[in-house]
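All remarks here apply to the structure that follows.
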Amino acid sequence: MCGIFGYVGGRTDAAHIVFEGLKTLEYRGYDSWGVAAVTSGKIIVKKKTGKIGDASVADMPASSFAFGHTRWATHGGVTQENAHPHLDCTGTIALIHNGIFENYERIKQTLIKKGHRFVSETDTEVLVHLIEEYRKSMLFPKAVQKAFNEMEGLNAIIAIDIADGHLLAARNGSPLVVGFGDGENFLASDAVALTPHTKQVYFLDDDEMAIIGANGIMIFDAKTGEHVTPAVQKLVWSAQQAEKGKFPNYMLKEIHEQPGIVAEIAASGGSRAERLSSLIREAYGTYMVGCGTASYATIAGQYLFSKIAHRHVNCAIGSEFGYTLDFLTNKSVVLAISQSGETIDILESVKKAKMRGAKIAALVNVLGSSLYRLADERVMIGAGPEKAVASTKAFTGMLAHLIFVAYVLAGEPVKGKKVIAKAAVILKQLLSAGPVEDIQKLAQRLKDSEHMYVIGRGLSYPASLETAIKIKEISYIHAEGLAAGELKHGPLALVTKGTPVIAFLPNDETYGANLAGSMEMKARGAYVIGVSYKPHEVFDAYIHVGDAGEATIIPNVVVGQLLAYYLTMARGLDPDKPRNLAKSVTVR
Ligand code: F6R
């Protein structure tokens, strides 16, 4: 959460470079934004609340040294005063921050007694005054290091001092990536923002600090002061991949990328599936962990491994796994699934599992992310940069990999490849004009609904959970995903005339029971939308999805994505940046 971008170099449009970087990172937080540029011995700051939208920094002075921030509010409301960057009392130090400075309160009181004046309600501002205090008796880099080492919690900071000329960055928990240029250098909270400028990057590790100048970057351990030789990595993503292209927003673009991604996993995911399956085969207990949408991939994994490979694999939610892992041993395997690889609830539980000796495997989309670096075995999802807050292509990528792994475990890799390739073909049909128009019309009909149910059994249960989360997070319609058998244990009480129910009925062993669930809903007046391989008279609306065996879950969830997307458009909302949310959840 929160986007950070910094530039130091020979160009004179630093504020503009930073501002463009922030636009790329805005999915990380869009409560407010701010840019600080150093020019003629002064720090000039521009801050605004709300999304960047049509704003510009054309009114900022020429500068070759600037940084900026997009905020997802933690401490203090969404106001201009609380937006970053924050300045010290002298106006000569500026700071931006991602994370939560857990022990800020006590330090703030001490600083107030020493005469520091605070203008915001943020924890961040406390740190800039602490640096100011330390700078009275030591050089700026030492002051930043000392202040950073006093911070409790998971944080990333960047500080600048008008007299210093370097970006000073440090991280513990929240991501920071250094970009190496030619006579210029960069810093960002996500490598995707660096792709227009450089492919040579270094992902800062926890407790590392970087001093970034136009002609050099120095990395050292913030605790010991020892120098670190950075292992520079080459980015594989291109700047074009992170652009919207012909689409009106990122979500629609990412939905339409899915046939290609799923087809690519079918064609070349075999060796990745081999690596994961041999780990699982040798393990004494495998545990999958993910958050939100990725947690539904773990539930799907549980069904897939049982059904295809006859293996029991446990699944857990990242934020809860830490409380239930005392039984892990050095024979356990934890498969952590994450698009960003930065979700703090996953990282924390995985670290605990690692301390118990468990082997960590990661199914992750972002190269060099914290999870990627923490894992003993890494498999890249290969979905390319995902920028809409609601996860789409990373999720179907996760599903395709899990299907492949289950088939490899079962000794049937060719069959795995076949069903995934079939799902890619069905996806292509689903995303063609006719089916999309049908879903658009349905969305128009349902757009004023207050509540919706999504039901299914077996693999359609995680599909229901996923469809419900998509609908609520972007269209703000309350949707509940349910195992269809649970209806009569309570939720049926809320069904009244016209309540929309999306029912998944693939061609598998759950068909009859799912049909029974749809009928129970219909008998209470529900408006039943059947998502199935064949029509049925119980359906008030029907969306055809062909049969791809166990991989049918992939096109099924894409129906959910499309419906959520068009409901959102019909309600005049922004699908890429839903209220109160941000991508990459790096706070607890
Ligand atoms: C929902 C969504 C979130 C993420 C969750 C985990 O559409 O995007 O629920 O799935 O925050 O994120 P990652 O996969 O980055 O760990």
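This structure is a prediction, so every number in the text was calculated from the model and none was measured. Order of listing sets the numbers, starting from 1, for every ligand and every atom in it.
- Every atom of ligand 1 with a heavy atom of Ser338 under 4.0 Å away is listed here by number and element: 13 (P), 14 (O), 15 (O), 16 (O).
- Listed by number with element, the atoms of ligand 1 under 4.0 angstrom from any heavy atom of Gly292 are 9 (O).
- For the residue pair Tyr407/Glu550, the side-chain donor-acceptor check at 3.5 Å is satisfied.
- Contacts of Glu342 with ligand 1, taken as heavy-atom pairs under 4.0 Å, are absent altogether.
- Looking only at atom types and distance, the side chain of Gln302 has no donor-acceptor partner in the side chain of Thr298 under 3.5 Å away.
- Here Lys583 has no heavy atoms under 4.0 Å from ligand 1, in either its backbone or its side chain.
- Atoms of ligand 1 lying under 4.0 Å from any heavy atom of Lys470, numbered from 1 in the order shown and given with element: 1 (C), 7 (O).
- Residue contacts with ligand 1, taken as heavy atom pairs separated by less than 4.0 Å, do not involve Asn365 at all.
- Residues satisfying the side chain to side chain contact (heavy atoms under 4.5 Å, CB included) criterion with His478, sequence neighbours excluded, are His451, Glu480.
- Short contacts between ligand 1 and Ala294, defined as distances under 4.0 Å to a heavy atom of the residue, involve ligand atoms 10 (O), 14 (O).
- Using bins of under 30°, 30° to 60° and over 60° for the plane-to-plane angle, the ring pair Phe5/His197 lands in the tilted bin.
- Using a 4.0 Å heavy-atom cutoff, Cys291 is listed among the residues neighbouring ligand 1.
- For atom 11 (O) of ligand 1, the closest non-hydrogen atom on the protein side is Val585 CG2, 3.9 Å.
- For Ala421, the side chain to side chain contact (heavy atoms under 4.5 Å, CB included) partners are Ala266, not counting sequence neighbours.
- In terms of polar-atom proximity, defined here as any N/O pair under 3.5 Å, Val389 does make such a contact with ligand 1.
- Put simply, NE2 on His401 and CG on Leu276 are 9.0 Å apart, with the number rounded to the nearest 0.5 Å.
- Of the protein's non-hydrogen atoms, the one nearest atom 8 (O) of ligand 1 is Ser391 N, 3.1 Å.
- Of all protein heavy atoms, the one closest to atom 7 (O) of ligand 1 is Glu473 OE2, 2.4 Å.
- Nearest protein heavy-atom contact of atom 14 (O) of ligand 1 is Gln339 N, 2.7 Å.
- Of all protein heavy atoms, the one closest to atom 15 (O) of ligand 1 is Ser340 OG, 2.7 Å.
- Side-chain contact between Ile474 and Leu573: absent, with no pair of heavy atoms (C-beta onward) separated by less than 4.5 Å.
- Of the listed residues (Met251, His256, Glu257), just one forms a side-chain contact (heavy atoms from CB on, under 4.5 Å) with Lys253, and that residue is Glu257.
- Checking Tyr202 against Glu208 by side-chain atom types alone, a donor-acceptor pair falls below 3.5 Å.
- Of the possible donor and acceptor atoms, none in the side chain of Arg71 sits under 3.5 Å from a partner among the backbone N and O of Ser32.
- Relative to atom 12 (O) of ligand 1, the option among Val289, Thr343, Thr293 with the closest non-hydrogen atom is Thr343.
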